[in-house]
Chemist: 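Starting off with a structure, shown below.
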Amino acid sequence: MSESAAEKIQTIETPEGTFTLRLVQDDLGDIYPGMIRYTVDVLRGTKSVYAYAINTYESARQGTLFDTRKAAEIVFTRLAHDVASRPHLYTRPRVFTRPLPGTGTADVVILQGSPRRFGNSAKIASWCDDEAARAGLTSRVFHLQEMEIRPCIGCYVCYDQGYCPVEDDMPPIIRALEAASVVVVCTPVYTGTVPAALKAAIDRCQWLHAREKVLGKEVHARGLLVAVAGRRGAEPFVCVTRVVEMFMENLGIRPAAPVLIGDLDRARDVETIGGVEDDVRAALSALLAPRDEE
Ligand SMILES: Cc1cc2nc3c(=O)[nH]c(=O)nc-3n(C[C@H](O)[C@H](O)[C@H](O)COP(=O)(O)O)c2cc1C
């Protein structure tokens, strides 16, 4: 239930008790400029039994036929009618924010972005997995290409109640990221940036940003990017490092210096480049060591 003052209140006496409907306006301008969320709460006595929410970023443009506040008011009127005519349907609370399914949390969460299951990024992910185990920590590798991860549809519904309406394999990833102490992204450079499955997962993590802002589920993890590229030098990594940095910044994950491994068109196999495995393990193990929170 929203804590803000109600803009509109209606009390309905029914054989199932007294119900109160509240229309609440929340200013979410600290998340996005001009974002307003309207919530219609239905209370039975003092207990919230149903909530509907909608925000101004869900509609394309101000001044079009779709008016967010009007939509909330229509829902308010319809709910008032429904509560009065079918109060028995509102005797028990309905779940507003569905719990994230799955139990798979881990200390170290590794997002593996390459479609090549036995390629360089997958090898690096396995080193990180092993390094976590050596430190006595739990870890989990998500091979993103093997999961069903649909692109973000930009509906902004996650800012209503902290849940994404797109149904696919994202919930366990969100759950794992929310609980992780360290997040590692292992990825090849694809056409200057990250492969499509990783980009889709990154965009869908807007949901986690919304959970942080709406539900106060803060992520306190440290982050590490390990990227591989076919070409030599720093240039292939310019975009990848920025994309992954933005992903981490958006979620409050504090990134360490990335490990960037180029020239793989020549070497082919990351294991043949001397010292690289040690560099990756050292970069991760520096994040796994117990530290006083800064
Ligand atoms: C579709 C595609 C696009 C690529 N684009 C780039 C690129 O822009 N720059 C680069 O240096 N390497 C590029 N590469 C090379 C890969 O980054 C390189 O082969 C890497 O080692 C593959 O890692 P993996 O084994 O983890 O899949 C590309 C490879 C593919 C398949």
Side-chain angles (χ1 to χ4, degrees), residues 104 106 108-134 139-152 168-170 172-173 176-177 180 182-205 221-249 251 253 255-288:
V108 180
V109 169
I110 302 157
L111 303 179
Q112 197 289 100
S114 173
R116 302 204 311 153
R117 188 63 171 80
F118 302 101
N120 295 312
S121 306
K123 185 80 224 165
I124 292 163
S126 76
W127 294 338
C128 294
D129 201 24
D130 180 62
E131 199 56 35
R134 282 191 192 179
S139 58
R140 182 158 180 199
V141 183
F142 289 99
H143 296 281
L144 301 171
Q145 178 78 24
E146 293 168 16
M147 302 175 73
E148 195 203 346
I149 300 173
R150 293 163 59 192
C152 173
D168 60 7
D169 292 341
M170 266 316 276
I173 298 177
L177 289 173
V182 174
V183 174
V184 184
V185 176
C186 302
T187 184
V189 174
Y190 266 23
T191 321
T193 185
V194 295
L198 175 57
K199 184 60 166 61
I202 285 176
D203 291 346
R204 291 287 302 291
C205 281
R222 299 294 316 272
L224 176 66
L225 163 66
V226 186
V228 293
R231 304 211 181 136
R232 254 187 233 182
E235 200 278 330
F237 299 104
V238 170
C239 182
V240 171
T241 45
R242 188 69 196 116
V243 167
V244 175
E245 235 170 53
M246 284 178 77
F247 156 67
M248 292 185 180
E249 270 169 24
L251 301 180
I253 299 170
V259 180
L260 308 174
I261 308 155
D263 208 13
L264 277 158
D265 279 346
R266 226 157 35 90
R268 305 299 303 155
D269 184 345
V270 72
E271 284 179 289
T272 63
I273 308 178
V276 164
E277 180 173 351
D278 290 341
D279 290 347
V280 171
R281 286 180 181 274
L284 179 57
S285 103
L287 300 185
L288 302 182

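By convention here, the first residue in the shown sequence is residue 1. First listed ligand is number 1; within each ligand, the first listed atom is number 1.
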Chemist: What atoms of ligand 1 come within less than 4.0 Å of a heavy atom belonging to G192?
Modeler: 7 (C), 8 (O)

Chemist: Considering heavy atoms of the protein only, find what lies nearest to atom 17 (O) of ligand 1 and give residue, atom and distance to 0.1 Å.
Modeler: V189 O, 2.8 Å

Chemist: Can you list the atoms of ligand 1 that are under 4.0 Å from a heavy atom of G119?
Modeler: 25 (O)

Chemist: Checking contacts here: is it the side chain or the backbone of R231 that comes within 4.0 Å of ligand 1, counting heavy atoms only? Could be both or neither.
Modeler: both

Chemist: Quick one: does D169's side chain have a donor or acceptor within less than 3.5 Å of a partner on M147's backbone?
Modeler: no

Chemist: Check whether N120 reaches the backbone of R268 with its side chain - one donor and one acceptor, N or O, closer than 3.5 Å.
Modeler: yes

Chemist: Report the part of S121 in contact with ligand 1, treating N, CA, C, O as backbone and CB onward as side chain, heavy atoms under 4.0 Å; options are side chain, backbone, both, neither.
Modeler: both

Chemist: Could you measure the distance from the CD atom of E245 to the CG atom of L225? Nearest 0.5 Å is fine.
Modeler: 9.0 Å

Chemist: What atoms of ligand 1 come closer than 4.0 angstrom to any heavy atom of T191?
Modeler: 3 (C), 4 (C), 5 (N), 6 (C), 7 (C), 8 (O)

Chemist: In the protein, what heavy atom is nearest to atom 19 (O) of ligand 1, and what distance, to one decimal place, separates them?
Modeler: D265 OD1, 4.2 Å

Chemist: For atom 23 (O) of ligand 1, what is the nearest protein heavy atom, given as residue, atom name and distance?
Modeler: P188 CB, 3.3 Å

Chemist: Tell me: protein heavy atom nearest atom 27 (O) of ligand 1, and distance?
Modeler: S114 OG, 2.6 Å

Chemist: How close does the nearest protein non-hydrogen atom get to atom 30 (C) of ligand 1, and which residue and atom is it?
Modeler: Y190 CE1, 3.5 Å

Chemist: Got a second to check how far R204's CZ is from I173's CD1, nearest 0.5 Å?
Modeler: 8.5 Å

Chemist: Which protein non-hydrogen atom lies closest to atom 21 (O) of ligand 1, naming both residue and atom, and how far is it?
Modeler: N120 ND2, 3.1 Å

Chemist: Give the atoms of ligand 1, by number and element, whose distance to some non-hydrogen atom of P236 is under 4.0 Å.
Modeler: 11 (O)

Chemist: Short question: side chain of E148, backbone of R150 - any donor-acceptor pair under 3.5 Å?
Modeler: no

Chemist: Distance under 4.0 Å to a non-hydrogen atom of L264: what atoms of ligand 1 satisfy this?
Modeler: 21 (O)

Chemist: Report the part of A229 in contact with ligand 1, treating N, CA, C, O as backbone and CB onward as side chain, heavy atoms under 4.0 Å; options are side chain, backbone, both, neither.
Modeler: both

Chemist: Please step through salt bridge (Lys or Arg N to Asp or Glu O under 4.0 Å) for the pair D269 and K123, ending with a clear verdict.
Modeler: CA-CA 9 Å; D269 184 345; K123 185 80 224 165; over 6 Å; no

Chemist: Of all the non-hydrogen atoms in the protein, which one sits nearest to atom 10 (C) of ligand 1, and at what distance?
Modeler: G230 N, 3.6 Å

Chemist: Are the side chains of I202 and V185 in contact, using a 4.5 Å heavy-atom criterion?
Modeler: no

Chemist: Under 4.5 Å between any side-chain heavy atoms of I273 and L264, yes or no?
Modeler: yes

Chemist: Nearest 0.5 Å please: distance from the CG atom of L111 over to the CG atom of L198.
Modeler: 7.0 Å

Chemist: Could you identify the single nearest non-hydrogen protein atom to atom 20 (C) of ligand 1 and state the distance to 0.1 Å?
Modeler: V228 CG2, 3.9 Å

Chemist: How close do C128 and L284 get, counting heavy atoms only, and between which atoms?
Modeler: O-CD2, 3.4 Å

